[in-house]
Structures are given as C-alpha cells and as structure tokens.
Amino acid sequence: ETMSREVNVSIGKASYKTEVTIDQHLLIADEPTELGGSDLGPTPTELLLSSLGTCKAITVKMYADRKQWDLQEVRIKLSITQQKEGAQRSSLISCSLDFIGALDADQKERLKRMAEKCPIHLMLSNPITIESNLL
C-alpha cells in the first residue's frame, strides 16, 4: 500500500481551466476550444494517459539501469477508446512502446513486460473503487 502526496484540484469562473496542485507543483488541465475551454492544458483523459505513460517509462528505465542495459530512450504513444454495450462500458488503452538503444529482441520483450507491471498499469487493470465525500 503506497501513499502519495495529496492532490488538490480547483476550478473557478474560467471555463474550464482547472488547477492541480501537488506540494510545489502546478499543473493546468483544460478542455479544447471546440468544447468551450481555452486549451490551456491537457484534458483530464490526456492526463490519465500521461500518468500511465510516464509510469511505464520510469519503470522501464529503472529496470534497464539496474540491468545496465543500453537503453538510450523510451518512447510511448498512448490512446484510449471507449466501448458501450448496453449498460456496460469498457475502455481500451493502446500503448505503443519504442525502446531506443543497443537492445536485442529478448531485452525489448522483457522491457515491454516490465512496462506492463508498472504501478499505474496494475492499478488501472484491477477493480477501482472511487469514494466521493462532501467537505
């Protein structure tokens, strides 16, 4: 069970600029102009994909560093599609991984498997309960 720093989100009168603060870090989320936003930052969905992609990249880098493999760069492209079947909704996240460096096919396959074991991948692949309370 890992604890993370508290994430604070606030939105004011500006449509739909949202500020995310985590200790000294500030992120801006927004919606594109065609949805009434000002496109000042990524959408919430893009932030979710960013979280998964960065977790995969960091996990792979840590593993390659421990193994002292020649991993020069990790590139990951992510997208999400949503399917509806009756009342059932499901989401498919596609991740394309590119490992740059002097790596053989076996090493690349092992890095791909490590990416699938990153904490965010595991979290999103298992049931999630979201509890909302009024302050």
Side-chain angles (χ1 to χ4, degrees):
E1 187 178 321
T2 56
M3 275 302 291
S4 63
R5 296 183 280 189
E6 188 174 72
V7 175
N8 294 283
V9 175
S10 67
I11 189 169
K13 294 210 178 276
S15 310
Y16 289 98
K17 179 188 170 208
T18 308
E19 290 189 357
V20 181
T21 52
I22 306 144
D23 286 348
Q24 77 275 22
H25 306 291
L26 172 66
L27 301 171
I28 303 291
D30 202 346
E31 290 292 339
T33 49
E34 61 268 19
L35 293 179
S38 300
D39 204 19
L40 297 170
T43 67
T45 301
E46 292 162 347
L47 286 173
L48 178 70
L49 293 177
S50 301
S51 180
L52 177 61
T54 54
C55 188
K56 285 179 177 294
I58 291 168
T59 300
V60 163
K61 176 90 172 111
M62 286 177 168
Y63 183 79
D65 286 353
R66 270 202 313 276
K67 293 281 188 185
Q68 296 183 315
W69 289 354
D70 181 43
L71 178 63
Q72 299 295 320
E73 188 181 351
V74 178
R75 295 182 189 150
I76 306 174
K77 291 183 174 146
L78 300 100
S79 63
I80 188 167
T81 53
Q82 312 230 322
Q83 285 107 3
K84 260 189 188 167
E85 287 180 32
Q88 193 73 24
R89 288 181 64 160
S90 67
S91 303
L92 172 66
I93 297 176
S94 299
C95 304
S96 300
L97 303 120
D98 192 11
F99 304 121
I100 290 91
L103 301 161
D104 62 30
D106 180 57
Q107 288 172 312
K108 289 182 179 184
E109 184 59 36
R110 282 172 70 188
L111 291 175
K112 180 178 110 67
R113 284 202 308 273
M114 288 311 297
E116 291 174 342
K117 291 184 168 133
C118 84
I120 301 293
H121 183 116
L122 296 176
M123 194 184 297
L124 293 175
S125 299
N126 286 289
I128 296 174
T129 302
I130 300 171
E131 179 182 86
S132 300
N133 300 297
L134 291 174
L135 292 178

(request) Would you please name every residue forming a ring-ring contact (aromatic ring centres under 6.0 Å, His included) with Tyr63, sequence neighbours left out? (result) Trp69

(request) Quickly, which of Leu27, Ile28, Leu26 forms a side chain to side chain contact (heavy atoms under 4.5 Å, CB included) with Val20? Name it, please. (result) Leu27

(request) For Glu6 and Asn8, work out which heavy atoms get closest and say how close. (result) OE1-OD1, 3.5 Å

(message) Same cluster or not: Ile128 versus Ile93, using hydrophobic residues (I, L, V, M, F, W, Y) connected whenever any side-chain heavy atoms lie under 4.5 Å apart?
(response) yes

(request) Identify whether Met123 and Met114 are in the same connected component of the hydrophobic contact network (ILVMFWY, side-chain heavy atoms under 4.5 Å). (result) yes

(message) Keeping Asp30 on the side-chain end and Ser38 on the backbone end, is there a donor-acceptor pair under 3.5 Å?
(response) yes

(request) Taking the side chain as every heavy atom from C-beta outward, state whether Cys95 and Leu49 have any pair of such atoms under 4.5 Å apart. (result) no

(request) Quick one: pull up NE2 in His121 and CG in Asn126 and give me the separation to the nearest 0.5 Å. (result) 9.0 Å

(request) Report the distance from atom CD1 of Ile58 to atom CG of Asp65, rounding to the nearest 0.5 Å. (result) 11.5 Å

(message) Are the side chains of Leu48 and Leu124 in contact, using a 4.5 Å heavy-atom criterion?
(response) yes

(message) Test of understanding: clusters of I, L, V, M, F, W, Y form through side-chain heavy atoms closer than 4.5 Å, transitively. Do Leu78 and Ile100 belong to the same one?
(response) no

(request) Could you tell me the separation between the NZ atom of Lys67 and the CE atom of Met62, rounded to the nearest 0.5 Å? (result) 16.0 Å

(message) Please list all pairs meeting side chain to side chain donor-acceptor pair (under 3.5 Å) that have one or both residues in residues 85-105, counting only residues at least two apart or in different chains.
(response) Gln82-Arg89, Gln82-Ser91, Gln83-Ser90

(message) Surrounding CD of Gln68 (heavy atoms of other residues, nucleotides or ligands, distance under 6.0 Å), is the total greater than 12?
(response) no

(message) If hydrophobic clusters are built by linking Ile, Leu, Val, Met, Phe, Trp and Tyr wherever their side-chain heavy atoms come under 4.5 Å apart, do Leu52 and Ile130 end up in the same one?
(response) yes

(request) Mind checking the NZ-CG spacing from Lys108 to Leu103? Nearest 0.5 Å is all I need. (result) 6.0 Å

(request) Evaluate whether atom CD of Gln24 has more than 12 neighbouring non-hydrogen atoms of other residues, nucleotides or ligands under 6.0 angstrom away. (result) yes

(message) For Ala102 versus Gln107, what's the shortest heavy-atom pair and its separation?
(response) O-OE1, 4.0 Å

(request) Return each pair, listed once, that meets salt bridge (charged side-chain N to carboxylate O under 4.0 Å, His left out) where at least one residue sits in residues 9-24; pairs must be two or more places apart or across chains. (result) Arg5-Asp23, Lys17-Glu19

(request) To the nearest 0.5 angstrom, please state how far the OG1 atom of Thr33 sits from the CG atom of Asp39. (result) 6.0 Å

(request) State, to 0.1 Å, how close Lys56 and Ala115 come at their nearest heavy-atom pair, and which atoms those are. (result) NZ-O, 3.1 Å

(request) Please say which of Ile76, Asp70, Leu111 ends up in a side chain to side chain contact (heavy atoms under 4.5 Å, CB included) with Phe99. (result) Leu111

(request) Of all the heavy-atom pairs spanning Lys117 and Leu122, show the shortest one and how long it is. (result) O-CD1, 3.4 Å

(message) Quick check against the 3.5 Å criterion: does Thr59 have a side-chain atom that pairs as donor or acceptor with the backbone of Cys55?
(response) yes

(request) Verify the cluster assignment for Val9 and Tyr16: are they in a single hydrophobic cluster under the rule of side-chain heavy atoms below 4.5 Å apart? (result) no

(request) Could you tell me which non-hydrogen atom of Leu71 sits nearest to which non-hydrogen atom of Lys61, and how far apart they are? (result) CD2-CA, 4.2 Å

